[in-house]
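If you're wondering where the values come from, they're calculated on a predicted model, not measured in any experiment. These numbers come from the heavy atoms of this one structure, side chains and all, not from hydrogens, waters or symmetry mates. Numbered from 1 within each chain, the chains take letters A, B, ... in sequence-line order.
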Protein chains: 2
Amino acid sequence: MGGIPAVINDIPDIVIGRLPLYLRALSYMAKEAGKVTTSSHELGQRLGISSAQIRKDLSHFGEFGKQGTGYHINYLIEKLREILQLQEEWPVVLVGAGFLGHALAHYQGFEHRGFHISFVFDNDPEKIGIDMNGLVVRDISELSDVIKEKGVQIAIISVPATAAQEIADLLVGAGVHSILSYAPINLKAPKGVHVLYSDPVVQLQRMTYYQGSE
Amino acid sequence: MGGIPAVINDIPDIVIGRLPLYLRALSYMAKEAGKVTTSSHELGQRLGISSAQIRKDLSHFGEFGKQGTGYHINYLIEKLREILQLQEEWPVVLVGAGFLGHALAHYQGFEHRGFHISFVFDNDPEKIGIDMNGLVVRDISELSDVIKEKGVQIAIISVPATAAQEIADLLVGAGVHSILSYAPINLKAPKGVHVLYSDPVVQLQRMTYYQGSE
DNA sequence: TAGATTGTTAATCGATTAACAATC
DNA sequence: TAGATTGTTAATCGATTAACAATC
């Protein structure tokens, strides 16, 4: 039938992946370094990225700079927040109240960057009910209902590897679209669900290959 | 003078970056799933990577499989450990004994994967001297001497963003070659020093772009 | 104006994939 | 043997970079 072609979201993942880095560096420049404007060259130097790449990346979304003067930092920050849908804070569910869950619940860095940990869950009766930085640890059995009722779309998994897939299935079933997992295991998730990982060992192993090759 | 060309390390970073993922999936297959052999197809499916890419990646280092039967898992694990220099455990210095440092010091996942947290440092008198999972938190003033004396080459930074660059400079000055930083800031480091980052907010921000585009 | 820097094009570079002979 | 799967080549695909007209 020919028909209307599917909307082509032409912007490569790898470009999207750099935008948060630009955002972070720009915020630093504005707040810590007190700068008002910057150039693709300056930003690139700070990040170890070519100025051409930064201009190319931004050009996917519009024209945010001025020839001769560069970019107004606060304006570019605002635009990047729009693009990344960070203008309102996303509620985040945290699953796993162990040492790492504890650290995440106390992490100050979520605020003002688009996220807020709204609920913490665990299955350990010893942990359920305790206070973690103002949040009460809830029973995992309530997870699904809370997510559905509050419409939470983002979750962080900080449970042991053996429990991670089960938790991921629960989260996806309840409507979560994005998962950041600290469990050292590959999760299966249906298409349309984004999963990113953070495994310190994988990162360390990426560096040992080069040890001694100096 | 013409002379001897610099040794060309032809293997792309991006290939090295995938090897730890192969290693992790293979270990899972051997231990949890009780498998003895696997194929590039099976491994690829588990990781969401094409079988061709896995074969190509491995072919940079040798021939580890057999036509018709695939790879012997334990043998491939051993080879990957050799390639990544993981056959002996690397001592790791952890800087920052806050909530996250606490979580890292208690993380079981380093053992048997090539790493061992050997020392923990902080500058807070309240924390110096306390026990963290069998490790005594030491004064940051001892950092340089300990690293030099023990020849530690790998460090993890879990201090606030404001202190991270200063700590990185100390580490590099003392001889550290690889740094995994949890501080949400870009670090400056001389060529030859590897720095990788883990910032949960950056990862969450990489996913919100896609929210609602289902 | 002169200098600086953008946004964009075209060229280059590099990574992924498809395909298949070799062979277990 | 027949079926399966490797390692490798060549083709494809995609990302990065160099260069520059436009213009602040």
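Remark: P of C:dT5 and NE2 of A:H41 are 8 Å apart, rounded to the nearest angstrom. Atoms CG (B:L47) and P (C:dT16) sit 14 Å apart, rounded to a whole Å. Atom-to-atom, NZ of A:K66 to P of C:dG7 comes out at 11 Å; the value is rounded to the nearest Å. Note: CG (A:D10) to P (D:dC13) measures 15 Å, nearest angstrom. For the pair A:F61 CZ and C:dG7 P, the computed distance is 13 Å after rounding to whole Å. Rounded to whole Å, the distance from CD1 on B:I54 to P on D:dG7 is 12 Å. Protein atom CD1 of B:I14 is 11 Å distant from nucleotide atom P of D:dA15, rounded to whole Å. Rounded to an integer number of Å, the gap from A:I16 CD1 to D:dA15 C1' is 14 Å.
Under the Watson-Crick or G-U wobble criterion, with both distances below 3.5 Å, D:dT23 is paired with C:dA4. Judged by Watson-Crick or G-U wobble contacts below 3.5 Å, the nucleotide C:dT12 has D:dA15 as its partner.
Checked against D:dT23, C:dT16, D:dT16, the side chain of A:Q67 finds its nearest nucleotide in D:dT23. Counting only heavy atoms from C-beta on, B:S39 has its side chain closest to D:dT6 among D:dA15, D:dT6, C:dT8.
By the 30° and 60° cut-offs, the orientation of the rings of B:H194 relative to A:Y210 is parallel.
Residues B:A52 and A:G62 each lie close to DNA chain C; by heavy-atom proximity, the contact nearer the 5' end of the strand is made by A:G62. Ranked by how close their nearest DNA chain D nucleotide is to the 5' end, A:K56 and B:G65 are led by B:G65. Checking A:T69 against A:I49, the closest nucleotide of DNA chain D that is more toward the 5' end is the one next to A:I49.
Checking the phosphate oxygens (OP1, OP2) of C:dT16, a side-chain nitrogen or oxygen of B:Q53 falls inside 4.0 Å. Between A:S40 and C:dT5 there is no side-chain polar atom (N or O) within less than 4.0 angstrom of OP1 or OP2. Distances shown here put a side-chain N or O of B:Y71 below 4.0 Å from the OP1 or OP2 atom of D:dG7. For D:dT9, the OP1/OP2 oxygens have no side-chain nitrogen or oxygen of B:R55 closer than 4.0 Å.
Contact of the A:F99 side chain with the B:Y107 side chain is not registered, since no non-hydrogen atoms from C-beta on lie closer than 4.5 Å. Looking at heavy atoms from C-beta onward, A:V201 lies in side-chain contact with B:F115 at the 4.5 angstrom threshold.
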### Message
For B:K79 and B:E82: C-alpha separation, side-chain torsions, deciding distance, then whether salt bridge (charged side-chain N to carboxylate O under 4.0 Å, His left out) applies.
### Response
CA-CA 5 Å; B:K79 287 298 167 184; B:E82 274 177 31; 3.7 Å; yes
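With hydrogens and angles left out, the side-chain atoms of B:S178 and B:Q153 include no donor and acceptor closer than 3.5 Å.
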